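As structure tokens, the structure follows; a few thoughts come after it.
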Amino acid sequence: MSSKTLAFEEFLTLHFKGKPLPAGLDTPLTALQLDSLDLFDFILAIEKAFGIELDIDAITDDMSLRDLHAKVSALKA
């Protein structure tokens, strides 16, 4: 597992306060039961934590946390 993946998983643990993710990084965003404001806050937290700017329009409900991590990693490269 890469250090980027570990950093993202640590971020998720802190952000969701240790709440278990049903399928780890393969958890779809819909499984997190975030309303639109919660999702926006989640994206802002990712941007702040990783020093990036995500295209929020490119984030869809059927994405998994792994897909989101790939977007973060691509921007951090």
Side-chain angles (χ1 to χ4, degrees):
M1 190 175 303
S2 76
S3 62
K4 286 183 180 181
T5 303
L6 286 174
F8 193 73
E9 287 181 340
E10 288 174 11
F11 166 80
L12 293 173
T13 300
L14 290 172
H15 185 79
F16 292 110
K17 297 175 178 64
K19 175 182 170 186
L21 301 171
L25 286 179
D26 293 319
T27 302
L29 291 177
T30 54
L32 300 175
Q33 299 176 334
L34 303 174
D35 63 24
S36 58
L37 183 57
D38 290 335
L39 179 60
F40 185 70
D41 287 341
F42 178 51
I43 298 305
L44 287 177
I46 291 171
E47 291 177 337
K48 183 177 180 181
F50 294 96
I52 58 166
E53 188 172 326
L54 290 165
D55 177 5
I56 198 159
D57 294 328
I59 298 169
T60 61
D61 289 340
D62 61 339
M63 288 180 72
S64 68
L65 291 172
R66 186 174 309 282
D67 298 332
L68 191 54
H69 173 257
K71 288 186 177 295
V72 170
S73 292
L75 291 169
K76 283 293 288 182

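Heads up: numbering here begins at 1 and tracks the sequence. Owing to the predicted nature of the structure, the values given are computational and were not obtained by experimental measurement.
Counting only distance, with no hydrogens or angles, the side chain of Lys76 and the backbone of Phe50 share a donor-acceptor pair below 3.5 Å.
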**Request:** Report the C-alpha distance between Leu54 and Leu68 in whole Å, list the side-chain angles of each, state the deciding distance to 0.1 Å, and finish with yes or no for side chain to side chain contact (heavy atoms under 4.5 Å, CB included).
**Result:** CA-CA 9 Å; Leu54 290 165; Leu68 191 54; 4.3 Å; yes
**Message:** Applying side chain to side chain contact (heavy atoms under 4.5 Å, CB included) to His69 and Lys4, what does each step give before you reach the verdict?
**Reply:** CA-CA 9 Å; His69 173 257; Lys4 286 183 180 181; 4.2 Å; yes
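The local environment of CZ in Phe16 is crowded, with over 12 non-hydrogen atoms from other residues, nucleotides or ligands closer than 6.0 Å.
Residues Leu25 and Leu14 are members of separate hydrophobic clusters, defined by side-chain heavy-atom contacts under 4.5 angstrom among Ile, Leu, Val, Met, Phe, Trp and Tyr.
The two residues Ala31 and Thr27 have their closest heavy-atom pair at CB-CG2, 3.7 Å. Nearest heavy atoms, Thr60 versus Leu29: O-CD1, 3.5 Å. Closest heavy-atom contact between Ala58 and Met63: O-SD, 3.6 Å.
In this structure, the side chains of Ile59 and Asp67 stay at 4.5 Å or more apart for every pair of heavy atoms. Residues Phe42 and Leu12 have side chains in contact (heavy-atom distance under 4.5 Å, counting atoms from C-beta outward). Using a 4.5 Å heavy-atom cutoff, the side chains of Leu65 and Leu32 are in contact.
Between atom CG of residue Leu21 and atom OG1 of residue Thr13 there is a gap of 7.0 Å, rounded to the nearest 0.5 Å. Interatomic distance, Glu47 CD to Ile56 CD1, rounded to the nearest 0.5 Å: 7.0 Å. To the nearest 0.5 Å, atom CG of residue Asp55 and atom NZ of residue Lys71 are 7.5 Å apart. The OG1 atom of Thr5 lies 11.0 Å from the CD atom of Glu10; values are rounded to the nearest 0.5 Å.
Paired with Asp41 under the rule side-chain contact (heavy atoms from CB on, under 4.5 Å), one option of Leu39, Leu37, Ile43 passes, and it is Leu37.
Partners of Asp38 by side-chain hydrogen bond (donor to acceptor under 3.5 Å, both in side chains), not counting sequence neighbours: none found.
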